[in-house]
Protein chains: 2
Amino acid sequence: MDVRTICLGILTRGDATGYEIKKLFEEGAYSHFLEASFGSIYPALTRLTEEGLVSCRAETQEKRPDRKVYSITQAGRRAFIDALSGPMPEDKYRSPFLFAMLFAHQLPPEHVHALIDQRIAETEAMLRHLDDVGATADGPGEQFVIGYGRATFEGALAYLMAHRARFETKEPAAAE
Amino acid sequence: MDVRTICLGILTRGDATGYEIKKLFEEGAYSHFLEASFGSIYPALTRLTEEGLVSCRAETQEKRPDRKVYSITQAGRRAFIDALSGPMPEDKYRSPFLFAMLFAHQLPPEHVHALIDQRIAETEAMLRHLDDVGATADGPGEQFVIGYGRATFEGALAYLMAHRARFETKEPAAAE
DNA sequence: GTTTGCATGTAAACGGTTACATGATTGG
DNA sequence: CCAATCATGTAACCGTTTACATGCAAAC
């Protein structure tokens with residue numbers, strides 16, 4: 001899913017500036033499965049405007065830099081639905097944490113232990129975040145996505161809790 | 001986690017050719033959280049050899065193309081442990097499926113339904129795959145990683161099963 | 001007085017994928 | 001006969017990140 005399509009999707013929910021889109025990426029209900037930087041959002045918005053999929057009105061503000069508010073056009077809505085109707089690219093999960101855990105026996109036990117504890121803390125933080133955004137989420141889609149995130153993170157958390165002892169520091173482990 | 005480090009890690013488990021490393025990526029216990037193509041593996045192996053982190057012996061085969069078998073060196077092992085000891089980059093999860101679900105109310109109900117059913121089938125296939133590789137997995141690290149995968153996919157699957165009815169085709173939904 | 005927030009944008013660098021090039025063998 | 005498996009490698013392309021450039025206002 002490229003940044004273009006994601007911007008289009010966000011704009012179906014209401015007008016926004018590039019800056020606001022970025023904030024949705026890092027703070028919203030999307031943050032656990034989407035990400036993008038200014039360096040990709042601004043050029044995407046410019047191209048989308050050239051192609052007539054979004055329109056742009058400039059708002060001159062006092063005491064604040066000018067802002068460009070983008071709206072999706074009818075053509076944009078059509079292009080968006082088309083993009084969602086085509087074949088879905090596969091989900092991608094890249095996990096440096098799991099990669100490191102694969103080599104747990106080659107690492108100092110206290111390092112492995114720290115890795116797991118850190119991961120537990122991050123997962124708990126993620127669950128709290130999902131609760132926060134879940135409280136104000138509107139449509140059924142958003143509720144579904146947040147629920148899906150909660151289900152996976154809860155599964156992961158339970159597993160981490162249940163298996164951390166395995167790698168506890170200096171656990172002399174009965175046999176090899 | 002770049003392809004270089006991942007190749008190094010795989011080679012700590014035993015010698016391998018570029019071709020074999022690729023197969024591990026797509027068939028092994030790694031496949032749910034790692035991926036790489038030939039176009040990145042071969043150049044990585046070449047560079048690693050130049051830097052002395054791996055060594056390479058050529059095996060001339062009859063009836064088969066020559067193969068280059070790579071082994072990790074002592075310097076390579078050190079570099080690998082160093083890479084795992086530094087700060088871990090965050091996990092990244094990119095989900096076109098969840099992105100599409102966010103806009104479920106804008107999509108034809110039968111399309112949403114198909115999306116969920118497809119996802120259920122994929123998740124079940126993934127769980128079967130993890131069972132297969134889990135049966136032959138050796139170290140504690142591999143067992144942990146497979147268990148973690150199972151825990152998250154089982155959480156996801158239970159959620160999908162429990163909530164698919166919400167989006168069932170033509171469910172006239174009591175109120176908005 | 002320094003950091004944070006608002007606000008937009010560009011250019012270079014990076015890591016990676018896709019497609020291409022080559023070629024023999026084995027199984028359906 | 002065609003597809004798949006084994007096996008290596010390059011080059012063009014792509015989307016993205018990172019760093020840079022600019023600047024004012026409010027909060028700490």
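Letters A, B, ... are given to chains in the order of the sequence lines, protein chains preceding strands, and every chain is numbered from 1.
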A.B. asks: Roughly, in whole Å, what's the span from CZ in B/R94 to C1' in D/dT16?
C.D. replies: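 Computing the B/R94:CZ to D/dT16:C1' distance gives 11 Å.
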A.B. asks: Examine C/dT17: is either OP1 or OP2 under 4.0 Å from a nitrogen or oxygen in the side chain of B/S37? Give yes or no.
C.D. replies: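 Yes, because at least one side-chain N or O of B/S37 sits under 4.0 Å from OP1 or OP2 of C/dT17.
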A.B. asks: Just how far, in rounded Å, is C1' of D/dT16 from NZ of A/K22?
C.D. replies: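 Atom NZ in A/K22 sits about 13 Å away from atom C1' in D/dT16.
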A.B. asks: In terms of ring plane angle, is the pair A/F38 and A/Y19 parallel, tilted or perpendicular, where the classes change at 30° and 60°?
C.D. replies: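 Rings of A/F38 and A/Y19: parallel, as their planes differ by under 30°.
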A.B. asks: Does a side-chain N-to-carboxylate-O contact under 4.0 Å join B/E59 and B/R57?
C.D. replies: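 Salt bridge between B/E59 and B/R57, a charged N being under 4.0 Å from a carboxylate O: yes.
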A.B. asks: Could you state the CD-P distance from A/E90 to C/dT17, rounded to the nearest angstrom?
C.D. replies: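 After rounding, the gap between these two atoms is 13 Å.
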A.B. asks: NZ of A/K92 versus P of C/dG16: gap in Å, rounded?
C.D. replies: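 Taking NZ of A/K92 and P of C/dG16, I get 12 Å after rounding.
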A.B. asks: Output yes when at least one side-chain N/O atom of B/S40 is less than 4.0 Å from OP1 or OP2 of C/dT17, else no.
C.D. replies: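 Result: yes.
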A.B. asks: In whole Å, what is the span from the CD atom of A/E27 to the C1' atom of C/dC6?
C.D. replies: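 It works out to 13 Å between those atoms.
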A.B. asks: Less than 4.0 angstrom from a charged side-chain N to a carboxylate O is my criterion; do A/R128 and A/E124 meet it?
C.D. replies: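 Not counted as a salt bridge, because no side-chain N and carboxylate O are separated by less than 4.0 Å.
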A.B. asks: Starting at atom CZ of A/R57, determine the distance to atom C1' of C/dT8, rounded to an integer number of angstrom.
C.D. replies: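 Those two atoms, CZ and C1', are 17 Å apart.
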A.B. asks: Within the 4.0 Å limit for protein heavy atoms, which parts of nucleotides 4-13 of chain D are touched? Write it as a string from 5' to 3', B for base, S for sugar-phosphate only, - for none.
C.D. replies: -BBBBBB---
A.B. asks: In whole angstrom, what separates A/I41's CD1 from C/dC6's P?
C.D. replies: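 Taking atom P of C/dC6 as the reference, CD1 of A/I41 is at 15 Å.
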A.B. asks: Taking it one step at a time, do B/S85 and B/D82 satisfy side chain to side chain donor-acceptor pair (under 3.5 Å)?
C.D. replies: CA-CA 5 Å; B/S85 303; B/D82 284 354; 5.3 Å; no
A.B. asks: Would you please classify the geometry between the A/Y30 ring and the A/F33 ring as parallel, tilted or perpendicular, with 30° and 60° separating the classes?
C.D. replies: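 Rings of A/F33 and A/Y30: perpendicular, as their planes differ by over 60°.
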A.B. asks: Whole angstrom is fine here: how far is it from CD in A/E26 over to C1' in C/dA7?
C.D. replies: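 For the pair A/E26 CD and C/dA7 C1', the rounded distance is 14 Å.
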A.B. asks: May I ask you to decide whether A/R119 forms a salt bridge with A/E122, counting only side-chain N to carboxylate O separations under 4.0 Å?
C.D. replies: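 Salt bridge between A/R119 and A/E122, a charged N being under 4.0 Å from a carboxylate O: yes.
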